[in-house]
Amino acid sequence: MLRNDPKQIRVYFSSVASWDMIRADAATTSWFIGSDASDTLPKKLEAISAAGFKAIELSFPDIVDYASRILGHQVATGNYAELITAAGEIRKLCEANSLKILMLQPFANWEGWPKDSAERQDAVTRANGWIEIMNVVGTDMLQVGSTDAPPSKITSDKAQLVSDLRELADMLAKRNFRLCYENWCWATYAPTWKDVWEIVKAVDRPNVGLCLDTFQTAGGEWGDPTTASGLIEDVPFEVLKRNFASSMQELSRTIPPEKIYLLQISDAYKPTTPIERKDKGGLRPRGQWSHDFRPFPYNGGYLPVEEVTQAVLRTGFRDWFSVEVFDGGPEGKGKKYDMNEYARQAMESTQRLLKNCASD
């Protein structure tokens with residue numbers, strides 16, 4: 001994760017003439033890195049810190065894994081007493097590596113369930129547990145992905161989606177916590193940046209903002225892992241380019257910068273074989289693409305990452321950037337790499353992205 005402020009003051013790209021006048025501290029997420037079970041959370045944090053990053057997005061799976069390691073048995077995802085114990089130790093590890101915990105993520109499938117359903121009760125239980133973890137690790141922000149639950153299970157009524165998110169926002173507000181809402185490009189009802197922005201506006205809570213993402217934006221409005229070209233083919237290519245450019249212009253014009261809490265950056269490999277159907281777990285093609293085919297920028301991908309970044313910066317946004325990648329290689333089957341070198345390359349990639357966008 002990268003913040004555009006070398007001395008914890010905000011640097012405005014519009015006020016400088018060249019990249020040489022901009023320096024940036026950085027931070028990144030702990031689950032973009034590591035290629036096998038020996039790459040433990042303490043080693044991840046050391047590699048991230050050594051590369052010059054300044055914060056992490058803490059993932060719930062990392063908490064579960066670390067809790068299981070230090071407690072000597074498999075910890076259940078609902079065992080919040082043990083997870084909170086581990087969370088306290090993770091906070092100490094981050095402090096020892098001079099890393100801030102920016103956000104807890106990814107909180108999924110909160111909104112849209114019938115009020116009396118088991119899924120709704122599970123969502124409330126999870127929310128309460130995650131809020132306690134946030135308190136222990138010292139972060140004030142929860143990332144919430146737009147629900148990808150099956151449409152047969154949840155409502156399409158926008159009013160209920162908004163009402164549910166207001167409820168979560170109010171739960172978080174009791175601790176002075178924030179809700180960071182992200183469009184997942186395979187989501188059931190809010191797959192685009194505009195969808196989640198319309199919902200955030202309707203929620204109308206001061207502690208609710210957006211998590212924008214170069215992959216989620218370009219992967220939903222430009223790329224398509226189900227086609228041979230890797231592009232959306234419903235319209236001619238020239239129309240696709242115009243549509244995407246128009247969307248980025250609208251993003252720049254319509255979202256207030258203070259409502260963008262962070263920008264996650266990653267690219268995507270074009271799958272060598274189109275992903276044509278749901279996987280065994282029911283994950284949609286764009287979801288599979290997101291989980292396994294996401295390198296950092298300038299590392300083999302093909303999405304218009306710079307265009308999305310420039311659009312977000314044109315809003316006036318000058319806050320955290322996050323390297324959030326899931327790099328399974330061009331085949332999406334995983335790859336081996338040295339964590340320290342990978343983290344260093346991720347930093348170089350992020351600096352290059354900022355330099356290219358600053359000169360725009």
Side-chain angles (χ1 to χ4, degrees), residues 13-14 145-146 148 181-201 210-257 259-260 262-271 274-276 284-291 293-317 321-326 330 349-350 352-360:
F13 287 169
S14 60
S146 53
D148 64 349
Y181 196 44
E182 180 182 10
N183 62 295
W184 289 345
C185 63
W186 65 95
T188 306
Y189 296 122
T192 71
W193 71 263
K194 189 172 183 179
D195 293 325
V196 291
W197 174 229
E198 291 299 321
I199 290 172
V200 165
K201 285 194 295 182
L210 295 172
C211 172
L212 296 180
D213 185 305
T214 60
F215 170 84
Q216 304 298 351
T217 299
E221 298 183 51
W222 176 269
D224 185 345
T226 70
T227 67
S229 68
L231 301 176
I232 293 172
E233 295 181 350
D234 295 343
V235 296
F237 181 64
E238 290 302 318
V239 175
L240 176 65
K241 288 199 298 183
R242 288 197 300 271
N243 289 347
F244 187 73
S246 176
S247 177
M248 294 303 94
Q249 291 167 4
E250 184 178 4
L251 187 157
S252 296
R253 291 193 311 266
T254 57
I255 303 180
K259 278 296 188 180
I260 304 173
L262 77 158
L263 174 65
Q264 294 174 329
I265 53 174
S266 65
D267 205 333
Y269 299 112
K270 183 177 74 173
I275 305 171
E276 296 179 343
R284 297 161 187 152
R286 278 191 169 92
Q288 298 172 55
W289 191 34
S290 174
H291 284 195
F293 292 84
R294 289 171 61 179
F296 51 74
Y298 314 112
N299 194 37
Y302 73 105
L303 295 180
V305 172
E306 288 186 5
E307 287 84 342
V308 179
T309 304
Q310 289 162 356
V312 173
L313 290 171
R314 282 195 297 267
T315 68
F317 167 80
F321 279 57
S322 170
V323 179
E324 187 188 56
V325 302
F326 304 87
S349 166
T350 306
R352 179 179 173 185
L353 178 66
L354 282 174
K355 180 177 180 179
N356 290 349
C357 292
S359 63
D360 176 64

Locate the shortest heavy-atom distance separating [X] from [Y]; write the atom from each residue and the value.
X: A187; Y: S146; result: CB-OG, 3.1 Å
X: C357; Y: L313; result: CB-CD1, 3.9 Å
X: R286; Y: G219; result: NE-O, 2.7 Å
X: I265; Y: T309; result: CG2-OG1, 4.4 Å
X: F293; Y: Q288; result: CD1-O, 3.9 Å
X: S322; Y: L262; result: CB-CD1, 3.9 Å

- Query: Under 4.5 Å between any side-chain heavy atoms of L303 and T214, yes or no?
  - Reply: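 In short, these two side chains do not touch, never coming nearer than 4.5 Å.
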
Enter the distance from [X]:[atom1] to [Y]:[atom2] here, rounded to the nearest 0.5 Å.
X: T315; Y: R253; atom1: OG1; atom2: CZ; answer: 13.0 Å
X: W193; Y: I255; atom1: CH2; atom2: CD1; answer: 5.0 Å
X: L210; Y: F317; atom1: CG; atom2: CZ; answer: 10.5 Å
X: T192; Y: L251; atom1: OG1; atom2: CG; answer: 10.0 Å
X: K259; Y: T254; atom1: NZ; atom2: OG1; answer: 13.5 Å
X: C211; Y: I260; atom1: SG; atom2: CD1; answer: 10.5 Å

- May I have all residue pairs that pass salt bridge (Lys or Arg N to Asp or Glu O under 4.0 Å) and include part of residues 243-252, sequence neighbours excluded? K194-E250

- Give me the ring orientation class for W289 and Y302: parallel if the planes are under 30° apart, tilted from 30 to 60°, perpendicular past 60°.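 Aromatic pair W289/Y302 classed tilted.
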
[X] side chain to [Y] backbone, donor-acceptor under 3.5 Å:
X: S252; Y: M248; result: yes
X: N299; Y: F296; result: no
X: N183; Y: A190; result: no
X: S349; Y: Y298; result: no

- Task: Applying ring pair (Phe, Tyr, Trp, His ring centres under 6.0 Å), name anything that partners W186, two or more places apart in sequence or on another chain.
- Result: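 With neighbours one apart ignored, the set is W184, H291.
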
- Partners of F237 by ring pair (Phe, Tyr, Trp, His ring centres under 6.0 Å), sequence neighbours excluded? W222

- Derivation of the side chain to side chain contact (heavy atoms under 4.5 Å, CB included) call for Q216 and S290: CA-CA 8 Å; Q216 304 298 351; S290 174; 3.8 Å; yes

- Query: Between R284 and T188, do the side chains contain an N or O donor and an N or O acceptor separated by less than 3.5 Å?
  - Reply: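 Yes, because at least one side-chain N or O of R284 sits under 3.5 Å from a partner of the opposite role on T188.
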
- Passing candidate, side-chain contact (heavy atoms from CB on, under 4.5 Å) with E233, options D224, T227, T226, L240: T227

